[in-house]
2 protein chains.
Amino acid sequence: MTKKRARQAVILDLVAHHVVGSQEELRQLLLGRQMDVTQATLSRDIRDLGIARVGGEDGARYMLPEQVSAHDDKPLLANLLPQLFSRIDGVGELIVLHTVASGAQPIAEAIDQEDFEEVMGTIAGDDTILIVTRSSSARLALTARLLELAGES
Amino acid sequence: MTKKRARQAVILDLVAHHVVGSQEELRQLLLGRQMDVTQATLSRDIRDLGIARVGGEDGARYMLPEQVSAHDDKPLLANLLPQLFSRIDGVGELIVLHTVASGAQPIAEAIDQEDFEEVMGTIAGDDTILIVTRSSSARLALTARLLELAGES
DNA sequence: CGCTATAATGCATAATCATGCATTTAGTGC
DNA sequence: GCACTAAATGCATGATTATGCATTATAGCG
């Protein structure tokens, strides 16, 4: 069915260039292009096309995958640290980072994902993380970096 | 409120590592971590965190922005062309590309976005696109490329 | 062509998500 | 510690999205 493909193409186009906040809204836009389908069909089209829906201060909106990432600001750690950080300390090549309750696990994983070269490994409890770095100077460097990310610099 | 931040961090973590299909499901996961909130709160958290919801064959799922793009397969043009292409022809430095009804505009925009160096510009009607290339050989090269993208190679 | 199998769609409705308003909880400054 | 202000949350409900089932359109095929 050629109508379906054309419609889905138009949908991609509309979503890419307009702010589409609901399937009903999309339906109206399609009507303007002489395409009349029900919300049910749009729900299926959106699924097929892999279009994402993200909430925003001013209501939700549909976006193409490309747009979602563009809309994304910073890496995970930068998001979490300012929220969860409580204090940091260290000795030798060890850093002890304290977070708010339940914050250690997420932060530790985010640190792991960053793949800091200074880091040998991390162990996280509930609100405390032990970070083993490669050297004393690595510890100092990383501590500074983490403080900065936490917005405490 | 420190509980909110910790919860949101855990949510990011859960969404990153689990397949979360609904807010109610997320609620259950949080319960397992001794965090009890209502769906309403999760709706707000998800908005605040910029988490996206994308549909899939096996139901919808929440994803972090990073994951959405990763989940995305190919650029727009590669998605559209196989769906909308009908035939292509050309002469001199001009290409005339025919698409299914209503397909020209989306395809033309996608071509523009690709920024092909062979292309000087495009003009799209409803089902026909005129592509002006920089030279006769550029025309041949681009024609081949488009045919390939359309899966007609 | 007419017939069949398959895909696409609509309809009605269930499932899920968002939000206004009231209430509770933290955070601050005496 | 107490009063005060702002943030966070729950509750109830409205809005939006997803889906089972029946129907209709489309693509092949003889």
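Convention: sequence-line order gives letters A, B, ...; per-chain numbering from 1.
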> Between D:dG10, D:dA18, C:dA18, which nucleotide has the shortest distance from any of its atoms to the side chain of B:S43?
Replying inline: C:dA18
>> Expressed as a whole number of angstroms, how long is the span from A:R7:CZ to C:dA8:P?
In response: 9 Å
>> What verdict does the side-chain hydrogen bond (donor to acceptor under 3.5 Å, both in side chains) test give for B:E25 and B:H18, after you've listed the backbone C-alpha separation in whole Å, the side-chain angles of each residue and the deciding distance to 0.1 Å?
In response: CA-CA 11 Å; B:E25 200 173 314; B:H18 296 254; over 6 Å; no
> Which heavy atom of B:T99 sits nearest a heavy atom of B:D126, and at what distance?
Replying inline: OG1-O, 4.2 Å
> Separation of A:D48 atom CG from C:dA8 atom P, in whole Å?
Replying inline: 8 Å
>> Judged by each residue's nearest nucleotide on DNA chain D, which is more toward the 5′ side, B:A40 or B:G59?
In response: B:A40
> Rounded to whole angstroms, how far apart are CD on B:Q39 and C1' on D:dT17?
Replying inline: 13 Å
>> Of the listed nucleotides (C:dC11, D:dC11, C:dC17), which one gets closest to any side-chain atom of A:R53?
In response: C:dC17
> Does any donor atom in the side chain of B:Q23 or B:Y62 lie under 3.5 Å from an acceptor atom in the other side chain?
Replying inline: yes
> Applying the 4.5 Å side-chain criterion to the ILVMFWY set and letting contacts propagate, would B:V132 and B:L146 be lumped into a single cluster?
Replying inline: no
> Considering only D:dT9, C:dC17, D:dC21, which nucleotide approaches the side chain of A:R44 most closely?
Replying inline: D:dC21
>> Of the listed nucleotides (D:dA8, C:dT19, D:dG10), which one gets closest to any side-chain atom of B:V37?
In response: D:dG10
> Does B:Y62 put a side-chain nitrogen or oxygen below 4.0 Å from OP1 or OP2 of C:dC17?
Replying inline: yes
>> Distance check needed: C:dC17 P versus A:I46 CD1, whole Å only.
In response: 15 Å
> Does some side-chain heavy atom of A:L12 sit less than 4.5 Å from a side-chain heavy atom of A:L49?
Replying inline: yes
> Where along residues 8-36 of chain B does a heavy atom fall under 4.0 Å from DNA chain D?
Replying inline: B:D36
>> Rounding to an integer number of Å, can you tell me how far A:L42 CG sits from C:dA8 P?
In response: 15 Å
> Does C:dG10 have OP1 or OP2 sitting under 4.0 Å from an N or O in the side chain of A:T38?
Replying inline: yes
> Between D:dA18, D:dT19, C:dT19, which nucleotide has the shortest distance from any of its atoms to the side chain of A:R47?
Replying inline: D:dT19
>> Test of understanding: with salt bridge (charged side-chain N to carboxylate O under 4.0 Å, His left out), list the residues that count as partners of B:R27, not counting sequence neighbours.
In response: B:E24, B:D36
> Roughly, in whole Å, what's the span from CZ in A:R5 to C1' in C:dA8?
Replying inline: 12 Å
> Could you state the CG-P distance from B:D45 to D:dT9, rounded to the nearest angstrom?
Replying inline: 7 Å
> Taking 4.0 angstrom as the limit, do A:R5 and A:D48 come out as a salt bridge?
Replying inline: no
